[in-house]
Number of protein chains: 2
Amino acid sequence: MTPDKRRAPAGAAVLRDEITTAIRRALMQELAAVGYGRLSIEAVARRAGVSKTAIYRRWSSKLDLVLEIVAAAAHGKLPALDTGTLRGDLALLFQAVALALRHPLASQIIPDLLAEAARNPSIDATLRQVLHARQQEIGGRLVTRAVQRGELPADTELDAAVDLIVGPLYWRLAIARLPLTDGYLEHLVESVAAGLGADSVLPRPREAPVSG
Amino acid sequence: MTPDKRRAPAGAAVLRDEITTAIRRALMQELAAVGYGRLSIEAVARRAGVSKTAIYRRWSSKLDLVLEIVAAAAHGKLPALDTGTLRGDLALLFQAVALALRHPLASQIIPDLLAEAARNPSIDATLRQVLHARQQEIGGRLVTRAVQRGELPADTELDAAVDLIVGPLYWRLAIARLPLTDGYLEHLVESVAAGLGADSVLPRPREAPVSG
DNA sequence: CAACGACGGTACGGTTGCGTCCCGACGTGT
DNA sequence: ACACGTCGGGACGCAACCGTACCGTCGTTG
């Protein structure tokens, strides 16, 4: 039974959005600076200029805090990504990924959380929802359309295709942290397209995909 | 001036190898269990069944400990890797990488340290020595030989080639942590070879590489 | 066989972070 | 204008860890 509430929270008795935002930003910065392992609520509160209580009123634990905020941050924009050609789609996707991984925060937080996911089931589940699943979806659409156009063989395995698409760029930007030289992305488009089984860049009519 | 030493350390006054080994093993396990961020000397000592003093007598700090042990562990074996064909070399390399990343310890420690390297210059430098440089070397030899054989174009960029070779498999095994299905490695060999610019698997005579 | 001397282990103070409790401040609704 | 009730902030007890100092132990050397 829910007793009639005396009054709805109002006035000063309501969570201030500015504080919530400050906590979110501070969390991202702390996460980038020290990683999830060393992350402390106190440091987040210090950096945000708020009290620990302000945080604990909003999230029940450090894990809750990270999961909610990271998931929200990753729920951002997903590109439409339908340029009409496999190479066009790849180029657009790579540009989006490169842009995202340019963010100093993202390029430090993402590898850190992915590593942490190997030992923390909650983080693992969250990342699979907001990262891997999204990649599978984007990659799936990209591959499916390319197959329908006849650019890729019909028996293309989505799983392996995603590895081939995502792996090299992620390796370079997030792991090796090497610069993106001129023309690298364009070159990568060609390499990945060829690796996926697309015809050479020179337009050469392809036979119909295996029927049945 | 160095006064004549009374006596060389001997007997019980010498570091016991068994203790050193136990510390090494415990460090790897702790590193895998909690990551570098949370790593504590006390936990390593507990797990090794030794005292903290035993650790501090051997290494001056947590960073020293990790750097020395990780570098030593990574200095392991490097495959000869010269099978006579690009695809043979790739297959051998992938099998070696897959084997290494199967080790539960390695697959947890490596991503963790790579993420930590983004914010710790010492770790970054060490990993670049023992990982990246080695990859560049192996990849360089692999590509160079393939170019000499005419399997790859002469203007192949080593940098991008390494990304393409290492990225997909690392992504799948260490980041996405997906299983290695039957035939995956063989399939990956073909994809990467094609991505690098090799001819189709069907032997088709290639014109002589660009002369000069 | 006795003395040497560094070993491993325990104990210690200092620091940091967790999670909670209490308090004065504040803006809205009656 | 007043009462309401949650807000943010500071303080507290508890726990873990760091790095060091001290102490008894042990195997080798002379």
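Proteins get letters first, then strands, A, B, ... in listed order; numbering begins at 1 in each.
Contact annotation: Arg46(B) side-chain N/O to dC17(D) OP1/OP2 distance is under 4.0 Å. Proximity of Arg57(B) to the phosphate of dC7(C): a side-chain N or O atom is located under 4.0 Å from OP1 or OP2.
At whole-Å resolution of the value, CD1 in Ile41(B) and C1' in dT20(D) are 14 Å apart. If you take CD of Glu18(A) and C1' of dG8(D), they are 11 Å apart, rounded to a whole angstrom. Rounded to an integer number of Å, the gap from CZ of Arg47(A) to P of dG17(C) is 13 Å. One can place NZ of Lys62(B) at 9 Å from P of dG19(D), the figure rounded to the nearest angstrom. Atom CZ in Arg38(B) sits about 10 Å away from atom P in dC18(C), given to the nearest Å. If you take CD1 of Ile55(A) and P of dC7(D), they are 14 Å apart, rounded to a whole angstrom. Here dG9(D) presents its C1' atom at 11 Å from CD1 of Ile19(A), a figure rounded to the nearest Å. We find that CH2 of Trp59(B) is positioned 15 Å from P of dG19(D), with the value rounded to whole Å.
Shown here is Arg119(B), whose CZ atom has more than 12 heavy atoms of other residues, nucleotides or ligands within 6.0 Å.
Contacts of Arg46(A) classified as salt bridge (Lys or Arg N to Asp or Glu O under 4.0 Å), with partners at least two apart in sequence or in another chain: none. For Asp82(B), the salt bridge (Lys or Arg N to Asp or Glu O under 4.0 Å) criterion is met by Arg145(B), Arg149(B), not counting sequence neighbours. Applying the salt bridge (Lys or Arg N to Asp or Glu O under 4.0 Å) criterion to Asp159(A), with sequence neighbours excluded, gives Arg172(B). The salt bridge (Lys or Arg N to Asp or Glu O under 4.0 Å) search around Arg128(A) returns Asp124(A), not counting sequence neighbours.
Every pair passing salt bridge (charged side-chain N to carboxylate O under 4.0 Å, His left out) that includes a residue from residues 59-74 of chain B is listed here, sequence neighbours excluded: Arg24(B)-Glu68(B). Applying the side chain to side chain donor-acceptor pair (under 3.5 Å) rule to pairs touching residues 98-110 of chain A yields nothing, sequence neighbours excluded.
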Distances for protein N or O near nucleotides 10-13 of chain D N or O, under 3.5 Å:
unit_1	atom_1	unit_2	atom_2	d
dG10(D)	O6	Thr53(A)	OG1	2.9

If you look only at distance, which donor and acceptor atoms sit under 3.5 Å apart when one is on a side chain in residues 33-44 of chain A and the other is two or more places apart or in another chain?
unit_1	atom_1	unit_2	atom_2	d
Arg38(A)	NH1	Gly37(B)	O	3.3
Ser40(A)	OG	Ala43(A)	N	3.0
Glu42(A)	OE2	Lys52(A)	NZ	3.1

Exercise. List the steps and the verdict of side-chain contact (heavy atoms from CB on, under 4.5 Å) for Trp171(B) and Leu164(A).
Key: CA-CA 9 Å; Trp171(B) 171 269; Leu164(A) 195 65; over 6 Å; no
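Among the protein residues, Arg58(A) comes within range of the sugar-phosphate backbone only, with heavy atoms under 4.0 Å from sugar or phosphate atoms but none that close to a base.
For Ser40(B), the listed nucleotide lying nearest its side chain is dC18(D); candidates were dC18(D), dG8(C), dC18(C).
A residue-by-residue look at Tyr56(A) and Arg16(B) shows that Arg16(B) has its nearest nucleotide of DNA chain C further toward the 5' end.
DNA chain D lies under 4.0 Å from no heavy atom of any residue of residues 24-36 of chain A.
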